[in-house]
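Reviewing the structure listed below.
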Amino acid sequence: MLLVHRIIPRIPLRLSQRFISSAPAISVLGQTFKTDSWTNATPQILNLVGRDLYKDPNHPVGILKSLVENRFNGLDYTFYDDFNPVVSTYENFDVLGFPADHPGRSVHDSYYLNSKYLLRTHTSAHEHQCFKRCHTPGYFITGDVYRRDEIDRTHYPVFHQMEGARQWVRSDYKSNEELLEKIQADLDATPKSSGIIVTDVGHDPVENPKQDYMSERETDLIGQHLKRTIEVVVSEVFNAAKIAAKEAGSKEEYLNEPLKIRWVEAYFPWTSPSWEIEVWWKGEWLECCGCGLVREQVFKNSGKGSDTIGWAFGIGLDRIAMLLFDIPDIRLFWTQDARFRDQFREGKISLFSPYSKYPGSIRDISFWLPKESDGEFKELHANDLMEAVRANAGDLAESVKLIDEFVHPKTGRKSQCYRVNYQSMDRNVTNEEVNRVHDKTREELVEKFGLELR
Ligand code: PHE
């Protein structure tokens, strides 16, 4: 989920298919945007803009947000949750130093309203505003973020992030010594998390270097402040998950063991050094949160200059809320079904009890990829196929997987087969309905991408 994975381009852009919206303009949250060849935000996605699940105190995502915010109350942070999810490419990418050819900017991965505006792909898009306007040393930003992605139980095109950041302004202090003392005092004032075992790999001085404008001592102290802060968030949340599981009667062994976490190196265009924290949870390392020391250029772009040093992190809320509340499918967050929504109450972590299990219905889509005039395949980006499924099936699509791929030995043509599982969380779906939806998706794929169905 983190943008760090986007360092590796998936498919050369030359092969990309742009979506020309048929409407000359689209309206989002009362603002109108002229469409152009970049427009690819579908009506289904735009429909979810403004649902603001994270502002609902009785929704699992809202409950998790409050849990974290309450922990940091009184510790010099401002809490923001009102930023518009429509941002400019400058805010989402340029101000943070994303290179022009960074794959995160691709139309395959993001939802564009037009070439200049998109649905934010991360809450970091608001960092520069907050560094400028915030009157406390630190801040948190919560918001919905949008990414074109695969379809399965843990991926949904809208999810939620909480950004945290903290800054120190050198000129507020008489000397560097005084500044260092203040950072040390802030570090001492950060609550220590108890009952966790931490492994830290440090950072590679060449690949993931300290910035020139910061001293060793500043880098070290601010790095410690950042890590301790995130450890507080993580231990708060995961210990709450353990208590909820115990209350629900679980006797599993991991509930009595200390929480294990590790720091691994990461790369983000706007922080250096950068890390990710992983939590050992039910037998696997779970990526939780990307972070790092904010680059000088970002402070400069925020009108602050080399006078300011600090850190930032971004944590994905949905995956964690799924663990905390034992929610098996991310689509449930979006259901309006009272059998889901009535199970959760402000301030309380309780395990979800499944209210129904409707059977799934599997359909395959097999096709030959078209060939370009130069004889090369015209690849279909997996996210484009996912989007066609979503556009027709909406939340009926439980998962989509590439199950077969081969090149015909004689003709050299390439074939792919994707398997879609249609399953509703709230009702029974008839075969006719599934067939109708599936046929429409197939037609759309032929029309848009020139596939030949098999
Ligand atoms: N915005 C990053 C992501 O979504 C996370 C991050 C936030 C990393 C702040 C560094 C600093 O992947």
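Order of listing sets the numbers, starting from 1, for every ligand and every atom in it.
- For ligand 1, the polar-atom distance check against Gln161 finds a nitrogen or oxygen pair separated by under 3.5 Å.
- Considering each of Cys291, Ala165, Ser124, Gly104, the one bringing a non-hydrogen atom nearest atom 10 (C) of ligand 1 is Cys291.
- Atom CG of Asp204 has more than 12 heavy atoms from other residues, nucleotides or ligands within 6.0 Å.
- Close N/O approach between Trp270 and ligand 1 is not found [any backbone or side-chain N/O within under 3.5 Å].
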With a cut-off of 3.5 Å and sequence neighbours excluded, list every side-chain donor-acceptor pair involving residues 278-286.
{"from": "Glu278", "atom 1": "OE1", "to": "Arg262", "atom 2": "NE", "distance (Å)": "2.7"}
{"from": "Glu278", "atom 1": "OE1", "to": "Arg262", "atom 2": "NH2", "distance (Å)": "2.7"}

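- For residues 175-221, the set of pairs meeting the ring-ring contact (aromatic ring centres under 6.0 Å, His included) definition, not counting sequence neighbours, comprises His203-Trp275.
- Near Phe268, the atoms of ligand 1 lying under 4.0 angstrom from a non-hydrogen atom of the residue are 8 (C), 10 (C), 12 (O).
- Under the 30°/60° scheme for interplanar angles, the aromatic rings of Tyr80 and Tyr139 are found to stand perpendicular.
- Contact annotation: Trp311 has no heavy atom less than 4.0 Å from any atom of ligand 1.
- Between Lys300 and Glu296, at least one side-chain N (NZ, or NE/NH1/NH2) sits under 4.0 Å from a carboxylate O, which counts as a salt bridge.
- If you number the atoms of ligand 1 from 1 as listed, the ones under 4.0 Å from a heavy atom of Glu127 come out as 9 (C).
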